[in-house]
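Structure record follows, encoded as structure tokens.
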Amino acid sequence: MSRPGKKRSRATLEDKESPEAILAKSEIQEEEKCTRSAAQERSSKPMGSSKGRATKKETCRSTQESKQAFSHWLMKSEPESRFEKGVDVKFGIEDLKAQPNQTACWDGVRNYQARNFMRDMQVGQEAFFYHSNCKEPGIAGIIKIVKEAYPDHTQFDKKDPHYDSSSTKENPKWSMVDVQFVRMTKRFIPLSELKTHHQAHRGSGGPLKDMALFTRQRLSVQPLREELRSLNEQDEREQ
DNA sequence: GCCAACGTTGGC
DNA sequence: GCCAACGTTGGC
């Protein structure tokens, strides 16, 4: 597929447990994630980078910032028409739903951090689909990763708004994943509401205090903490 | 349409 | 390696 500019959304997930149980466990899980991913990193070294020398503490932080530490995501995309180099980059959740098999590739990401997060994604993980640059920004639905990262073909397409002349087929610079529609959230969750929570949590030390949507505002693919997902489940249950 | 935030580029 | 210029993101 080729979805021209999608890029930002977030993910949430399904879990069989109650939101309360998840919430209660979230701190512990955070610890376990650190430990586990540090171990995984040691045993299965991806070829990629051996960038950052890391102390113990940093190992934990860096893995949280990267792969296996996260199982949910937020991915942003624009649901309203906007033309980039003559091409409409509109791609809302309804557009995803309309695709064959309700599946599309998430092409067009041209930010290293966002790309790296996509490379960390694993099949089966879920993400929130966030509508950006539109009248009503916010979380519209839930999608899941159905194909792990592979080269984004649009980087080689001169006609594509996201063509990158500096990338080669031998060593592609940009990646994409395939995503599939899962469902709409029970209600649209506007940015304003997320912001309210974020601000409250900044004061109280709550779980959304460092939500990437606000702390890294231009990042179109971002990891999601367990807590937001839990809060959403709880919210949906109360409907 | 404005513009703040912030990532990237390139001269030095 | 610094940093100013520039381009993009994305809320409003």
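Throughout, protein chains are lettered first and strands after them, A, B, ... in sequence-line order, and every chain is numbered starting at 1. Fair warning: this is a prediction, and the values are worked out from it, not measured in the lab.
- Distance CD1 (A:Ile139) to P (C:dG10): 14 Å, rounded to an integer number of Å.
- The CD atom of A:Glu193 sits 16 Å away from the P atom of C:dG11 (whole-angstrom rounding).
- Under the 6.0 Å distance and 45° angle rule, A:Lys195 does not count as a cation-pi partner of A:Phe214.
- Between the P atom of C:dC12 and the CG atom of A:Leu194 lies a distance of 11 Å, rounded to the nearest Å.
- Across the protein-nucleic acid pair, A:Asn133 atom CG and C:dC12 atom P stand 12 Å apart, rounded to whole Å.
- Judged by distance alone, the side chain of A:Gln102 and the main-chain N or O of A:Gln99 form no donor-acceptor pair under 3.5 Å.
- Between A:Arg110 atom CZ and C:dT8 atom P the separation is 13 Å, expressed in whole Å.
- Remark: A:Lys147 qualifies as a cation-pi partner of A:Tyr150 under the 6.0 Å distance and 45° angle criteria applied to the six-membered ring.
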Subject >> Test side-chain hydrogen bond (donor to acceptor under 3.5 Å, both in side chains) applied to A:Asp164 and A:Trp174, step by step >> reply: CA-CA 9 Å; A:Asp164 183 352; A:Trp174 305 110; 2.7 Å; yes
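- Put simply, CD on A:Gln113 is 15 Å from P on C:dT9, counting in whole angstrom units.
- Rounded to whole Å, the distance from CG on A:Asn111 to C1' on C:dG10 is 14 Å.
- If you take CD of A:Glu136 and C1' of C:dC12, they are 14 Å apart, rounded to a whole angstrom.
- Heavy atoms of A:Lys135 sit nowhere under 4.0 angstrom from any nucleic acid atom.
- Contact annotation: A:Tyr130 reaches the phosphate of C:dG11 (side-chain N/O to OP1 or OP2, under 4.0 Å).
- Look at A:Lys85 and you won't find any side-chain N or O under 4.0 angstrom from OP1 or OP2 of C:dT8.
- Between the side chain of A:Arg110 and the main chain of A:His162, a donor-acceptor pair closer than 3.5 Å is present.
- You'll find that the side chain of A:Leu191 is closest to C:dC12, out of B:dT8, C:dC12, C:dT9.
- Residue A:Ser77 holds its OG atom at 8.0 Å from CG of A:Asp95, rounded to the nearest 0.5 Å.
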Please enumerate all protein N or O atoms sitting under 3.5 Å from an N or O of nucleotides 3-7 of chain C, with distances to 0.1 Å.
{"unit_1": "C:dG7", "atom_1": "N2", "unit_2": "A:Arg218", "atom_2": "NH1", "d": "3.0"}
{"unit_1": "C:dG7", "atom_1": "N2", "unit_2": "A:Arg218", "atom_2": "NH2", "d": "3.3"}

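- When atom types are taken as modelled, the side chain of A:Gln155 and the backbone of A:Asp152 share a donor-acceptor pair closer than 3.5 angstrom.
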